[in-house]
Novice: 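Got a structure here, written out as structure tokens. Questions coming.
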Amino acid sequence: MADKSDVSPLCDHFNAQASTYERRLGGSPRRAISHALDLLPGLSSTRAPILLDNACGPGFATEAFLEAYPDAHVYAADVTPGMISLVDRLVASKGWNDRVKTDVMDGVNLHYPNDMFDASITNFGIFFFSDPDMGAREIFRTLKTGGKAIVTCWKDMTLLPILHAVQAIIKPGSVPIVLRGLDIWAQKETMEMTLKRGGFSFLEMHEQEVMWWNQGIDEAAKGLADNFVNMVGDQWSDEEKNGILGVTEQVLKDQGEKFIVESEGMIGFQMVAWIAVATKIP
Ligand SMILES: C[S@@+](CC[C@H](N)C(=O)[O-])C[C@H]1O[C@@H](n2cnc3c(N)ncnc32)[C@H](O)[C@@H]1O
């Protein structure tokens, strides 16, 4: 079994919020996956491809892969049991039991053999790993020679300036929150160097807008507020955290023009992802 000591607090957080994950991210992970699939054209010529959905969350990539490749098999792994339960539910509802194997597994210690997968995707997962270099090595190791790995992270997140506007109301005068992990991964070199240290000598980086859409201000505020509560963590008191939802709603209503794109009644936030496509060359 993987040693969970480094990941258990994160695991708790994803476990507790697994069922609201899609709403909290305004559908953006699925949009990134759809762009990622377009970057794997060679896969369509592979018979019965075997794919890894690494740090799979609720299984959006698993679903997209199986729909795009009717003879594909997917291994879906995530360190959070709550997420794997969601994938199991999806698989049962679609009748995909013989096409998907799910595993509670740490991405830095995959229990799969070398050279197993024709392609793998780690969508918005690698920056959570306790050791992203080791995670990249595991992605490389488990990929077949010539196989492609898609690995994504965030380049620009509109939600950070919104958090700062909320912070200015709840904790006026405080230093704007910096999310160091996100800052580091926003730089293209972080992904490039991590994958190179993992063994990938050939990779392409794509910058891709991945809009975050919500049905209206209420849904958008709820999704943002859930994320903000996680982001401020123990730095804010319970009372301050309890105020986040109301203040986020207020910020979106009063200062919306700075942050929001509106289209057909939908509220959008502009998010940009890095999508790396790395090829295994021995
Ligand atoms: C932002 S979510 C992305 C989920 C999914 N890939 C998607 O496209 O929506 C990050 C996921 O990484 C998982 N995760 C975090 N640390 C992990 C680790 N060390 N090993 C495997 N999964 C991990 C979390 O449980 C969560 O499901």
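Here, residue 1 is the first one in the sequence, and each next residue gets the next number. Counting starts at 1 for both ligands and their atoms, following the listed order.
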Novice: Does any N or O in the side chain of Asn123 come within less than 3.5 Å of the main-chain N or O of Pro29, such that one atom is a donor and the other an acceptor?
Specialist: yes
Novice: Within the 4.0 Å heavy-atom shell around Met105, which atoms of ligand 1 are there?
Specialist: 20 (N), 21 (C)
Novice: Should you measure from each heavy atom of Asp106, which atoms of ligand 1 turn up under 4.0 Å away?
Specialist: 18 (C), 19 (N), 20 (N)
Novice: Under a 3.5 Å distance rule, please check whether Arg141 uses its side chain to pair with a backbone N or O of Tyr112 as donor and acceptor.
Specialist: yes
Novice: What do you reckon, does Arg30 put a non-hydrogen atom under 4.0 Å from ligand 1?
Specialist: no
Novice: If you measure every N or O of Ser130 against every N or O of ligand 1, does any of those distances drop under 3.5 Å?
Specialist: no
Novice: Salt bridge check: are Lys144 and Asp118 linked by an N-O gap of less than 4.0 Å?
Specialist: yes
Novice: Would Lys280 count as a cation-pi partner of Phe200, with NZ or CZ less than 6.0 Å from the six-membered ring centre and within 45° of the ring normal?
Specialist: no
Novice: List every atom of ligand 1 that sits less than 4.0 Å from any heavy atom of Phe60, numbering the atoms from 1 in the order shown and giving each element.
Specialist: 9 (O)
Novice: Atoms of ligand 1 less than 4.0 Å from Phe128 heavy atoms?
Specialist: 1 (C), 10 (C), 15 (C), 16 (N)
Novice: For atom 6 (N) of ligand 1, tell me which residue out of Gly57, Gly107, Pro29, Ala55 has the closest non-hydrogen atom.
Specialist: Ala55
Novice: Please determine whether any non-hydrogen atom of Asp78 lies less than 4.0 Å from an atom of ligand 1.
Specialist: yes
Novice: Under 4.0 Å from a heavy atom of Phe124: which atoms of ligand 1 are those, numbered in the order shown and with their elements?
Specialist: 1 (C), 2 (S), 3 (C), 10 (C)
Novice: Whether the Asn54 and Tyr75 side chains hold a donor-acceptor pair (N or O, under 3.5 Å, no angle test) is what I'd like checked.
Specialist: no
Novice: With a cut-off of 4.0 Å, which atoms of ligand 1 are near a heavy atom of Met83?
Specialist: 27 (O)
Novice: Would you say ligand 1 has an N or O under 3.5 Å from any N or O of Asn54?
Specialist: no
Novice: Using heavy atoms and a 4.0 Å limit, tell me yes or no: is Ala61 in contact with ligand 1?
Specialist: no
Novice: Between Lys94 and Glu63, is there a salt bridge with N-O shorter than 4.0 Å?
Specialist: yes
Novice: Gln250 and Lys253: side-chain donor and acceptor closer than 3.5 Å?
Specialist: no
